[in-house]
Amino acid sequence: MAEISLSVPRYDSTRGVVAPVEGGTVIVEVVDGSVEIFGDPAGLRDLARWCLALADENAPSGSHIHLNPGTVPLALESASLMLARQPTR
């Protein structure tokens, strides 16, 4: 079975959460209360890298990124998206 491997730099407190991007496109829409995410292959890999960066064991609780329309990988017609590592309680 073929595998897809992605990598991201380890968390660095001087730079925060960082993920390289391929320059794909993702569109986030809210339809009837449901969040729908559409993307080309590169855009979905870009989004996956952001999730992997937030999952780094060294990333602090509450680490997050804001992706605004026009910020790679979000298309201009996309809704904004915030991804976060769940704060510990």
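Heavy atoms only: backbone and side chains are in, while hydrogens, waters and symmetry mates are out. Owing to the predicted nature of the structure, the values given are computational and were not obtained by experimental measurement.
Judged as a side-chain contact (heavy atoms from CB on, under 4.5 Å), and not counting sequence neighbours, the contacts of Arg45 are Leu6, Glu22, Pro41, Ala42, Arg49.
The line from CD of Glu29 to OG of Ser78 is 8.0 Å long, rounded to the nearest 0.5 Å. The CD1 atom of Ile27 sits 11.5 Å away from atom CD of Glu36, with the distance rounded to the nearest 0.5 Å. Summarising the geometry, atom NE2 belonging to His64 is positioned 15.0 Å from atom CD belonging to Gln86; distances are rounded to the nearest 0.5 Å.
Between Pro9 and Pro20 there is a side-chain heavy-atom pair separated by less than 4.5 Å.
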Under the salt bridge (charged side-chain N to carboxylate O under 4.0 Å, His left out) rule, what do Arg10 and Glu57 come out as? Steps first, then yes or no, please. CA-CA 9 Å; Arg10 299 290 309 190; Glu57 63 188 25; 3.7 Å; yes
Test side chain to side chain donor-acceptor pair (under 3.5 Å) on Ser34 and Asp32; report intermediate values, then the result. CA-CA 6 Å; Ser34 177; Asp32 297 327; over 6 Å; no
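Under a 3.5 Å cut-off, the side chain of Asp40 and the backbone N or O of Thr25 do form a donor-acceptor pair. In this structure a side-chain-to-backbone donor-acceptor pair under 3.5 Å is present from Thr71 to Asn68.
The other residues sharing a hydrophobic cluster with Val30 are Tyr11, Val17, Val21, Val26, Val28, Val35, Ile37, Leu47, Trp50, Leu54, Ile65, Leu67, Val72, Leu74, Leu81, Leu83, where clustering joins ILVMFWY side chains under 4.5 Å apart.
The salt bridge (charged side-chain N to carboxylate O under 4.0 Å, His left out) pairs that include a residue from residues 70-84 number zero, where partners must be two or more places apart or lie in different chains.
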